[in-house]
Amino acid sequence: MTTIGVTLSDERLVQLRSWAEQTGATPEDFLSQVIERILDWREEQFREAMEYVFKKNVELYRRLAQC
């Protein structure tokens, strides 16, 4: 596992601590969970777009495969 550092303004740090406290997590754990959700969400969006393109062009791919 890798550790990264993030620079935040004092105001943002107060906000982060408040949000983390509301969930019962440390600020570090809260950020880690948020980052995981963002990465999962982006991956899911890519998969959905890829499936859409493949479904939309399935006939074209069949024709190209026969050449």
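Just the heavy atoms: all of them, side chains too, but no hydrogens, waters or symmetry mates, feed the values below.
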Working for salt bridge (charged side-chain N to carboxylate O under 4.0 Å, His left out), residues R47 and E51: CA-CA 6 Å; R47 253 188 259 123; E51 287 176 13; over 6 Å; no

Validation row: T23, W19 side chains within 4.5 angstrom (heavy atoms): no

Reported CG-to-OG1 distance for the pair L13 and T7, which is rounded to 0.5 angstrom: 11.0 Å

Same cluster (ILVMFWY, side-chain, under 4.5 Å), Y52 and V58: no

Nearest atoms (heavy-atom pairs only) where F30 meets A20: CB-CB, 3.7 Å

Distance-only side-chain donor-acceptor flag, Q45 / R42, under 3.5 Å: yes

Atom pair CG/CD1 of D40 and I35 - distance to nearest 0.5 Å: 12.0 Å

Distance (rounded to the nearest 0.5 Å) between F54 CZ and L60 CG: 11.5 Å

Connected-component partners of V14 among ILVMFWY, side-chain separation under 4.5 Å: none

Where at least one partner belongs to residues 7-34, residue pairs that pass salt bridge (charged side-chain N to carboxylate O under 4.0 Å, His left out), sequence neighbours excluded: none

L39 side, atom CG; R37 side, atom CZ - distance, nearest 0.5 Å: 12.5 Å

Reported CG-to-CG distance for the pair L31 and L16, which is rounded to 0.5 angstrom: 4.5 Å

